[in-house]
S.K.: 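First the structure, which I've put down as structure tokens, then a few questions once you've had a look.
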Amino acid sequence: MDSPVSIIIPTKNEGGNLEEIFLRIKKALENFCDYEIILADSSNDETRKFMEEVIKEFGKEHKIKAMVLDCNGDDLSNAIIQSLNYGTYDIVAIMDGDLQHPPEMLPEMLKILEKQNADIVIGSRITKNFSIVRTIVSGVYRSLVYLFVKNSTKIRDPGSGFFVFRKKILENVSLKPLGFKILVEILDKAHYEKVIEKRFIFEDRKSGTSKFNLNQSYISFIHLFHIAKHNKEYDRFLKFSIVGASGIIINMGCLYILTEFFKIFYLFSSAIAIELSIISNFILNDIWTFKNERNGNFFVRMGKFNLSRIFASVINVFILFMLTIIGINYLLANLIGIFVATLFTYVTSVLWVWKR
Ligand SMILES: Nc1nc2c(ncn2[C@@H]2O[C@H](COP(=O)(O)OP(=O)(O)OP(=O)(O)O)[C@@H](O)[C@H]2O)c(=O)[nH]1
Ligand SMILES: [Mg+2]
């Protein structure tokens, strides 16, 4: 391959993995392309000194072009952003320094980038040893990414830290990431068209300790919150909520009119009022909230919206029932039910009814 690559590796106290990662990168790329390695280091112990020595000795012996950048105090994402200024090549690879991202994948990922003219190639993790908590947190996080980050719904692992990309997609882009998920920030803000994924097995780290913890997850969610604010996804949720509130007024009004003036038995009136409010919500969302996402047939969208609302009502009643069983006041239980049902309708609206 002709194009050289800048490999950026964020590190924090990863001295024990350094020689192996250098050797494996060299073996994988030496007959493939030129490369430089930038270690974006935020170590807070003696590791940096050790790294500099390894680079000196190792670089001489193995002719590896590597540097360690002082990113003291920077989190993973910001350390990577700093390093982007030091990379001299047009193609960049980001990978962890604990060997969970196999360097042997790099040639294939770079080949895909070039041959298939992609802008980003993501190494998607097949995780085997995640704890239950990490699996749940990761699943919830991914769902929210699909909701808040445009063009992300087709990406299996938007939270991966292993990817290669063309640097030009970041021209005139101001990245303001937080925590570990720099790929999500890039997917939201960069100028790119084609993203391809290549799956790999995410092994346990070889040596050193994990920096992942629940606080990191919390930071990732806050980051997502900033993204949603920035890309106006919030506005959409607000519009959806206003339409939902208008539905309540229509529901109550119809129930009153049908029961009082048309003398229809109130339970039948209620069924008609519910359907009318679903239809009015659908129309308002179609012409306002999701006016730029109207793909396909109007009636198919309406049918899907109806189904999602019916399912949401079942969820609402189920939560009401379960929470009252454990002694929660039925009005509070209903409020919680309404909240979850609204979220459910929103998610299905974004990802299914008005699919982007
Ligand atoms: N520069 C910098 N690098 C960091 C920081 N936190 C973690 N890293 C590095 O980022 C990479 C990913 O961190 P890990 O601790 O392996 O996180 P993880 O892979 O999600 O968690 P494990 O699966 O438990 O290893 C590793 O190379 C870390 O050394 C930081 O604050 N600054
Ligand atoms: Mg790791």
Side-chain angles (χ1 to χ4, degrees), residues 6-22 24-25 37-52 54-55 66-87 92-103 105-106 122-142 145 157-164 175-186 200-224:
S6 305
I7 303 170
I8 298 179
I9 307 178
T11 53
K12 190 170 186 178
N13 310 341
E14 300 287 2
N17 292 312
L18 207 56
E19 291 201 15
E20 185 175 344
I21 206 165
F22 278 179
R24 284 174 58 181
I25 290 176
I37 301 172
I38 301 168
L39 300 162
D41 186 54
S42 310
S43 298
N44 48 15
D45 58 11
E46 291 300 303
T47 309
R48 175 127 6 102
K49 234 177 170 170
F50 169 73
M51 288 167 116
E52 278 159 359
V54 171
I55 287 177
M67 67 176 286
V68 51
L69 196 67
D70 180 353
C71 302
N72 212 348
D74 278 329
D75 65 12
L76 184 154
S77 298
N78 284 297
I80 289 174
I81 289 183
Q82 270 211 53
S83 310
L84 284 170
N85 299 323
Y86 290 83
V92 178
I94 311 278
M95 61 189 292
D96 284 357
D98 57 1
L99 292 162
Q100 285 182 298
H101 298 156
M105 288 267 301
L106 284 172
I122 302 172
S124 297
R125 293 164 295 177
I126 300 169
T127 52
K128 292 186 304 187
N129 301 324
F130 269 17
S131 66
I132 291 183
V133 173
R134 195 162 175 184
T135 306
I136 293 172
V137 170
S138 170
V140 171
Y141 178 78
R142 199 169 54 234
V145 170
D157 190 11
S160 175
F162 188 25
F163 55 102
V164 300
L175 297 176
K176 291 200 175 61
L178 209 56
F180 275 27
K181 304 295 183 191
I182 183 152
L183 177 59
V184 172
E185 177 81 6
I186 290 178
F200 75 99
I201 293 175
F202 191 66
E203 303 279 2
D204 285 340
R205 55 161 52 240
K206 288 264 157 42
S207 112
T209 51
S210 171
K211 284 91 206 166
F212 172 84
N213 52 36
L214 281 183
N215 187 43
Q216 269 310 330
S217 301
Y218 170 71
I219 292 173
S220 300
F221 283 103
I222 296 289
H223 174 223
L224 213 48

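Atoms within each ligand, like the ligands themselves, are counted from 1 in listed order. Sequence positions, counted from 1, serve as the residue numbers for this chain.
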S.K.: Test the R134-F212 pair against the cation-pi criterion, namely NZ or CZ under 6.0 angstrom from the six-membered ring centroid and within 45° of the ring axis.
M.R.: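 The answer is yes, since R134 meets both limits relative to F212.
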S.K.: Which of the atoms in ligand 1, numbered in the order shown and given with their element, are less than 4.0 Å from a heavy-atom of D96?
M.R.: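 This gives 11 (C), 12 (C), 19 (O), 27 (O) as the contact atoms.
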S.K.: For atom 19 (O) of ligand 1, which protein heavy atom lies nearest, and how many Å away is it?
M.R.: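 Checking every protein heavy atom, the shortest distance to atom 19 (O) of ligand 1 gives Q100 OE1, 2.9 Å.
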S.K.: What atoms in ligand 1 come closer than 4.0 Å to a heavy atom of D74?
M.R.: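 Contacts of ligand 1 toward D74, numbered from 1: 30 (C), 31 (O), 32 (N).
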S.K.: What residue and atom, counting heavy atoms only, is the protein's closest point to atom 13 (O) of ligand 1, and at what distance?
M.R.: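 Answer, as residue, atom name and distance: F180 CE2, 3.7 Å.
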S.K.: Has ligand 1 got any nitrogen or oxygen that is less than 3.5 angstrom from a nitrogen or oxygen of F202?
M.R.: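 No.
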S.K.: F202 and F162: aromatic ring centres closer than 6.0 Å?
M.R.: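 No, ring centres 6.0 Å or more apart.
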S.K.: Name the closest protein heavy atom to atom 4 (C) of ligand 1, giving the residue it belongs to and the distance to 0.1 Å.
M.R.: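 Answer for atom 4 (C) of ligand 1: K12 CB, 3.7 Å.
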S.K.: As an exercise, identify every atom of ligand 1 less than 4.0 angstrom from a heavy atom of R205.
M.R.: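 Result: 14 (P), 15 (O), 16 (O), 25 (O).
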S.K.: I'd like to check which ligand 1 atoms, numbered from 1 as shown, lie under 4.0 Å from a non-hydrogen atom of A40.
M.R.: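 Close to A40: 1 (N).
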S.K.: Would K211 count as being in polar contact with ligand 1, using the rule that some N or O on each side must be under 3.5 angstrom apart?
M.R.: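 It does: an N or O of K211 is found under 3.5 Å from an N or O of ligand 1.
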S.K.: List the closest protein heavy-atom neighbour of atom 10 (O) of ligand 1: residue, atom name, distance to the nearest 0.1 Å.
M.R.: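 Result: L76 CD1, 2.9 Å.
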S.K.: Taking both backbone and side-chain atoms of C71, is any N or O found less than 3.5 Å from an N or O belonging to ligand 1?
M.R.: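 Such a contact does not occur with ligand 1.
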S.K.: Starting from atom 18 (P) of ligand 1, which protein heavy atom do you reach first, and at what distance in Å?
M.R.: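 Going by distance alone, atom 18 (P) of ligand 1 is nearest to R134 NH2, 3.7 Å.
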S.K.: Report the nearest protein non-hydrogen atom to atom 2 (C) of ligand 1: residue, atom name, distance rounded to 0.1 Å.
M.R.: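 Ranking protein heavy atoms by distance from atom 2 (C) of ligand 1, first comes S42 OG, 3.3 Å.
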S.K.: Any nitrogen or oxygen of E14, main chain or side chain, under 3.5 Å from a nitrogen or oxygen of ligand 1?
M.R.: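 Between E14 and ligand 1, an N or O pair is found under 3.5 Å apart.
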S.K.: First locate atom CD1 of I81, then atom SG of C71, and finally report the distance between them rounded to the nearest 0.5 Å.
M.R.: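 Rounded to the nearest 0.5 Å, the CD1-SG separation comes out at 11.0 Å.
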S.K.: Can you pull out the closest protein heavy atom to atom 16 (O) of ligand 1? Residue, atom name and distance to 0.1 Å, please.
M.R.: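 Answer, as residue, atom name and distance: D98 OD2, 2.6 Å.
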S.K.: Please list, in number order, the atoms of ligand 1 under 4.0 Å from a heavy atom of A79.
M.R.: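 Checking each atom against A79, I get 1 (N).
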S.K.: Which of the atoms in ligand 1, numbered in the order shown and given with their element, are less than 4.0 Å from a heavy-atom of T11?
M.R.: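 Listed by number with element, the hits are 1 (N), 2 (C), 3 (N), 29 (O).
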S.K.: Under 2.8 Å from the Mg ion (ligand 2), which protein N, O or S atoms are there? Could you list them by chain and number?
M.R.: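 Checking every protein N, O and S atom gives D98 OD2, Q100 OE1.
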